[in-house]
Amino acid sequence: MPRYDFKSIESRWQQHWEENATFKAEDPACGKDKMYVLDMFPYPSGSGLHVGHPEGYTATDIVCRHARMNGKNVLHPMGWDSFGLPAEEHAVKTGTHPRETTEKNIATFKRQLKMLGFSYDWTRELATTDPEYYRWTQWIFLQLFDTWYDSEHEWTGQDGKQRTGKGRPISELPIPAEVTAAGEEAVRRYQDKHRLAYLSEAPVNWCPALGTVLANEEIIDGKSERGSHPVERVALKQWMLRITAYGDRLANELEELDWPESIKLLQRNWIGRSTGAEVDFYIGDATVGTGPTEFEGWKTTRSASGFPAEAGDDVLRVYTTRPDTLYGATYMVIAPEHRFVDRLTTEDQKAAVAEYCRKASMKSDLDRTELAKDKTGVFTGSYATNPVNGEQIPIWVADYVLISYGTGAIMAVPAHDLRDFEFAVKFEIPVIQVVQPPASWKPSKDESAIAASVNGIEIVPFAGHGTAINSDHLNGKSTADAKAAIIGVLDESGIGKSAVNYKLRDWLFSRQRYWGEPFPIWHELDADGNPTGLMRTESIESLPVPHPHMEDFKPTGTPEPMLAKATDEWLYKTDTDGVRLKRETNSMPQWAGSCWYFLRFCDNKNGEAFIDPALEKYWMPVDLYIGGAEHAVLHLLYSRFWHKVLFDRGHVSMVEPFQKLVNQGMILGEADENGKAEKMSKSRGNVINPDDVVKEYGADALRLYEMFMGPLEQVKPWSMKGVEGVYRFLGRVWRMIIDDRAEEVALLDSVNEAAATDEQLRMLHKTIKAVSEDIAKLSLNTAISRMMEFTNFMSHETSRPKSVLQDFVLLLSPFAPHIAEELWHALGNTSTLAYEAWPKFDEALLVEDSIEVPIQFNGKLKAKINVPNGLDAAAMQAAAEADENVKKQLEGKTIVKVIAVPGRMVNFVVR
RNA sequence: GGCACCGUAGCCCAAUUUGGCAGAGGCGCUCGGCUUAGAACCGAGAUGUUGGGAGUUCGAAUCUCCCCGGUGCUACCA
């Protein structure tokens with residue numbers, strides 16, 4: 001085997017690692033420091049591994065192999081996010097059971113990952129579709145179901161900081177006296193309303209083509225993320241998870257994490273916390289009327305009672321971030337789905353409003369977006385009373401107000417809100433200015449774009465902060481002061497209250513598909529077999545709720561869940577007290593399994609608990625988590641949320657699961673002749689299959705190339721020429737050590753026991769330093785280039801000391817482990833290098849005796865001189881002035897100033 | 001539209017964190033060696049308005065501002 005024969009080398013060492021369980025994580029009792037390095041586990045799709053997968057996987061593998069050589073006990077696991085739509089769609093098409101498809105795909109993925117030589121501890125493998133795994137997913141759901149969020153609860157975190165708000169057992173939820181008085185059933189219903197997992201009838205995104213409802217996050221431009229199918233809005237009873245309760249903590253606790261700022265920002269924006277006020281506008285009720293007398297009476301009542309938690313029927317409650325503009329409110333808008341639409345619509349407006357709401361309900365989100373430029377709406381015929389000045393203002397229905405945000409109703413201040421302004425101009429509603437812009441204000445692009453003439457006067461809306469005008473006692477106050485002042489007044493008079501809102505919505509947690517986790521929930525039935533609305537949980541001992549076997553996977557075309565077609569035996573039972581029960585037939589979304597898989601890796605065979613507390617304490621948190629940026633707001637927010645709930649309930653020891661996060665950049669297809677590279681896709685025909693690359697160049701070359709392409713986080717185009725480049729590098733490394741004309745693997749004659757020269761040592765130690773530092777920074781592309789440099793140098797040396805080559809092979813091993821093991825072996829070692837000590841560099845050996853420094857005149861390079869290393873500024877200057885060439889160039893010039901930086905340069909400022 | 005990131009040789013990219021010789025590494029290209037020849041291999045070499053403009057500085061690829069171009073995310077959130 002004279003030549004670099006990657007095929008036999010790679011398969012031999014992979015077999016060696018497997019047989020010797022080389023990468024099995026050690027027991028916590030080993031006494032080593034732990035390091036938990038995690039990849040985002042893949043969905044095992046039918047098309048197999050994509051070259052994007054090994055990018056992040058190779059980076060983590062390098063970190064792990066490096067950490068082991070530095071004496072760490074490394075946990076590096078892999079598993080399968082195997083519930084999900086594609087397997088089920090495949091089942092609809094072919095009749096193959098999703099479990100069968102999933103198992104086949106997992107086998108393919110596993111073969112491909114093993115082929116790349118990743119140092120996973122395969123004994124920790126798991127799949128979210130394993131009953132022993134989803135048993136605990138269901139168990140965690142029961143924890144969510146058993147928890148309510150006490151926003152007042154004060155506690156001290158592990159960091160010693162005081163915090164407010166914690167998830168607590170539902171049994172500790174205070175029950176109001178009147179509820180207790182109403183009986184046990186009322187108490188149960190009251191508790192159900194406060195759980196972190198709750199049922200809610202709400203407009204949801206129903207996708208007929210996929211046969212399921214989708215979360216907001218799964219909809220892109222009004223179409224399903226998967227398959228781009230149209231999505232309709234229908235009202236359905238669905239499971240929701242109260243992630244909004246954790247909005248503040250999810251935003252605040254990002255602070256201490258070692259994550260890219262851009263991802264933190266993305267999450268903060270997604271959570272979208274805003275502060276403002278809720279304000280009630282009096283609309284009266286049919287029995288009392290809406291006149292000024294009633295309004296005054298209402299005000300009197302309110303100042304006595306205070307601001308009620310639930311808005312009554314006599315008011316329209318709005319949320320605003322600009323309560324300081326209350327005096328400029330000239331109309332109100334309610335969403336078409338608002339519960340007051342009917343009662344606020346007068347007889348003459350009935351037809352118009354009904355028609356408008358009908359059209360709005362038909363609009364998909366896409367239509368709404370496309371029509372975004374033109375505001376639409378219709379007057380209800382009713383008026384509300386502005387609580388601060390008693391003005392009667394008209395109430396409109398318009399779909400630019402969303403039912404799902406705030407209270408689904410707004411007060412419109414056209415002078416200071418661009419959307420309201422557009423609407424007011426179109427429908428000729430008065431515009432009252434109540435904020436004076438600062439003198440320096442210039443209209444923004446948006447503001448001037450919609451400026452319009454109202455009653456012959458050109459008006460430009462102003463959405464910024466300024467000074468209050470036309471606002472009674474607020475006049476002259478800055479926007480911030482005016483906000484505080486008006487909130488004080490509203491609070492005192494029981495008309496309004498400061499409030500916080502989030503763009504983040506509660507998480508729609510049920511799907512209607514077959515291939516997902518069943519819920520551990522039973523619904524009570526009455527004598528006629530109809531649900532009473534009361535629920536019971538599956539007992540923890542009887543988990544998992546098995547996934548029922550089915551043969552027919554065709555979507556029904558209606559929102560009726562697939563699991564409703566299971567056998568009666570699965571669907572129904574009679575409880576010990578004789579109550580007839582029916583199972584929940586929705587299934588969980590794919591996110592469920594991926595929300596906690598990193599915990600299970602610590603203890604994947606535990607049959608007693610989802611994780612052993614001691615193992616959780618030892619391994620968690622994940623020290624490094626690498627994956628695609630597409631999960632910045634979905635998976636990474638959901639799993640943080642679950643983790644916080646588990647923490648609040650005492651099941652895990654830390655508030656955050658992922659200490660350091662890195663997002664790999666996408667690998668694009670090969671650039672075309674114009675240098676343009678596009679995303680890899682089947683339709684473009686530019687997909688690179690890792691199998692083909694490994695076949696032609698080997699796993700080490702693929703690993704090395706993916707790391708050499710450029711910075712990990714960056715988007716980069718694929719290049720086959722680049723693969724050849726690193727392949728040639730591996731060939732040079734091989735020939736630097738091995739005699740490629742010998743019959744058997746044998747060292748070159750030039751490889752010997754001689755002591756290394758100073759120059760060889762300097763080169764080696766420079767390389768050790770650079771590669772070590774680059775791995776710590778995950779700057780793997782530059783680490784590789786340093787090893788190329790070393791190879792170029794050493795290949796020219798006629799004497800190649802073994803000691804130097806051995807250290808180099810160790811440096812190379814995390815990147816190209818197969819060839820490194822082979823060379824390590826050839827150099828006379830008998831065991832794997834996976835636990836050899838990582839080479840240390842000696843700073844003293846790096847120092848060069850003399851260095852070349854540039855001499856500048858006015859910052860321009862004019863000469864170079866050689867000086868001994870370690871000169872101070874004065875000596876540098878003296879050396880420069882002593883140089884003949886410099887002397888000559890200085891002739892006839894006046895030196896104004898000299899800047900000398902030791903070891904760097906000398907600059908003469910001359911005239 | 002908003003936010004974020006990016007722009008260095010024909011191409012992928014270093015140097016930007018911490019201002020100090022524009023080039024580490026790879027691809028491609030040219031020339032030479034080896035070879036019957038090609039591939040592989042070995043050796044030598046060329047390539048620049050650092051997207052544009054201004055500012056700060058003794059000195060700017062690096063810091064600041066404006067503009068241009070590209071990519072990603074987001075999109076009526078009151």
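Atom set for the values below is all heavy atoms of this structure, side chains included, hydrogens, waters and symmetry mates excluded. Chain naming here is simple, since letters A, B, ... match the order of the sequence lines and numbering starts at 1 in each. All of these numbers come straight from a predicted model, not from anything done at the bench.
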Please determine, for B:rG7, whether a Watson-Crick or G-U wobble partner exists with both distances under 3.5 Å, and give it or none.
B:rC68

Is A:Lys721 touching bases, backbone alone, or none of the nucleic acid, heavy atoms closer than 4.0 Å?
sugar-phosphate

Partner of B:rC63 under the Watson-Crick or G-U wobble criteria, both distances under 3.5 Å, comes out as B:rG55

Please state how far atom CD in A:Glu670 lies from atom C1' in B:rC12, giving the value in whole angstrom units.
11 Å

Using atom C1' in both nucleotides, what's the gap between B:rG32 and B:rG19 to the nearest angstrom?
42 Å

Counting only side-chain nitrogens and oxygens, does A:Arg735 get under 4.0 Å of the OP1 or OP2 atom of B:rC42?
yes

I'd like to know if A:Lys769 and A:Glu773 make a salt bridge, using a cut-off of under 4.0 Å between side-chain N and carboxylate O.
yes

Tell me what A:Arg732 touches on the nucleic acid: a base, only sugar-phosphate, or nothing, going by heavy atoms under 4.0 Å.
sugar-phosphate

Spell out yes or no: do the side chain of A:Lys864 and the base of B:rC21 have one donor N/O and one acceptor N/O closer than 3.5 Å?
yes

Rounded to the nearest angstrom, tell me the gap between atom CE in A:Met709 and atom P in B:rG26.
17 Å

Consider the side chain of A:Leu266, meaning its heavy atoms from C-beta on, and name the nucleotide among B:rG25, B:rC73, B:rA78 that approaches it most closely.
B:rC73

Whole-angstrom distance between B:rC34 and B:rC41, as gauged at atom C1':
8 Å

Interatomic distance, CG@A:Leu730 vs CE@A:Met736, rounded to 0.5 Å, equals 11.0 Å

Rounded to whole angstrom units, what separation is found between the CG atom of A:Leu780 and the P atom of B:rG26?
18 Å

Taking 4.0 angstrom as the limit, do A:Lys264 and A:Glu261 come out as a salt bridge?
yes

How would you label the contact of A:Glu261 with the nucleic acid (heavy atoms, under 4.0 Å): base, sugar-phosphate, or nothing?
nothing

For the pair A:Tyr4 and A:Trp734, name the ring-plane relationship: parallel under 30°, tilted 30 to 60°, perpendicular over 60°.
tilted

B:rA54 and B:rU18, which share atom name C1', separated by this distance in whole Å:
25 Å

Could you check which of B:rA4, B:rG26, B:rC21 has an atom nearest any side-chain atom of A:Glu852?
B:rC21

Tell which nucleotide pairs with B:rC21, taking only Watson-Crick or G-U wobble pairs whose two distances are both under 3.5 angstrom.
none

The answer to which of A:Tyr319 and A:Leu861 contacts RNA chain B further toward the 5' end, by nearest nucleotide, is A:Leu861

Counting only Watson-Crick pairs (N1-N3 plus N6-O4 or O6-N4) and G-U wobbles (N1-O2, O6-N3), all under 3.5 Å, who is the partner of B:rA15?
none

Salt-bridged, A:Lys766 to A:Glu789, with N to O below 4.0 Å?
no

For A:Ser274, report the nucleic acid contact type (base, sugar-phosphate, nothing); a contact means any heavy atom under 4.0 Å.
sugar-phosphate

Both A:Asn269 and A:Val726 contact RNA chain B. Which one's nearest nucleotide lies toward the 5' end?
A:Asn269

Quick one: A:Ile403 CD1 to B:rA78 C1', roughly how many Å, whole number?
13 Å

Please report the distance, rounded to the nearest Å, between CE in A:Met707 and P in B:rA14.
14 Å

From B:rC41, B:rG25, B:rG20, pick the nucleotide closest to the side chain of A:Arg728?
B:rC41

Look at the side chain of A:Met788 and decide which nucleotide, out of B:rA24, B:rC13, B:rG26, has an atom nearest to it.
B:rG26

B:rG69 and B:rU64: how far apart are their P atoms, nearest whole angstrom?
22 Å

Results of side-chain hydrogen bond (donor to acceptor under 3.5 Å, both in side chains) for A:His635 - residues two or more places apart only
A:Tyr625

Return no unless some side-chain N or O of A:Gln714 is found under 4.0 Å from OP1 or OP2 of B:rC6.
no

Does the structure show a Watson-Crick or G-U wobble partner for B:rU35, both distances under 3.5 Å? Name it, or say none.
none

Please state how far atom CZ in A:Phe708 lies from atom C1' in B:rC11, giving the value in whole angstrom units.
13 Å

Whole angstroms only, please: what is the CD-C1' distance between A:Glu724 and B:rC29?
16 Å

Between B:rC13 and B:rG2, how far is it from one C1' atom to the other, in whole Å?
31 Å

Check every strand shown and say whether A:Asn781 touches a base, only sugar-phosphate, or nothing at a heavy-atom separation below 4.0 Å.
sugar-phosphate

A:Asn663 side chain to A:Gly628 backbone, donor-acceptor under 3.5 Å:
yes

Generate the contact string for nucleotides 48-60 of chain B. Rules: B means base contact, S means sugar-phosphate contact only, - means no protein heavy atom under 4.0 Å.
----------BS-

Can you check whether any acceptor in the base of B:rA4 is under 3.5 Å from a donor in the side chain of A:Ser262, or vice versa?
no

Take the protein atom NZ of A:Lys503 and the nucleotide atom P of B:rG2, then report the distance between them rounded to whole Å.
14 Å

Pair assignment for B:rA44, Watson-Crick or G-U wobble, requiring both distances under 3.5 Å:
B:rU30

Please give the distance between the P atoms of B:rG23 and B:rG48 as a whole number of Å.
12 Å

Can the positive tip of A:Lys375 be found less than 6.0 Å from the middle of the six-membered ring of A:Phe423, inside 45° of the ring normal?
no

Would you kindly check whether a donor in the side chain of A:Lys375 faces an acceptor in the base of B:rC76, or vice versa, at under 3.5 angstrom?
yes

May I ask you to check whether over 12 heavy atoms, not counting those of A:Asp749, lie within 6.0 Å of atom CG?
no

Sticking with atom P, work out how far B:rA46 lies from B:rG10, rounded to a whole angstrom.
15 Å

Both distances under 3.5 Å, Watson-Crick or G-U wobble: report the partner of B:rG1, or none.
B:rU74

Looking across every strand, which nucleic acid part, if any, lies under 4.0 Å from A:Asn501 by heavy atom: base, sugar-phosphate, or nothing?
nothing

P atom, B:rU74 versus B:rA60: distance in rounded Å?
41 Å

N/O (side chain, A:Asn663) to phosphate O (OP1/OP2, B:rG72) under 4.0 Å:
no

Assess whether a salt bridge exists between A:Arg322 and A:Asp324, defined as any Lys/Arg side-chain N lying under 4.0 Å from an Asp/Glu carboxylate O.
yes

Are a donor atom and an acceptor atom from the side chains of A:Asn501 and A:Ser274 found within less than 3.5 Å of each other?
no

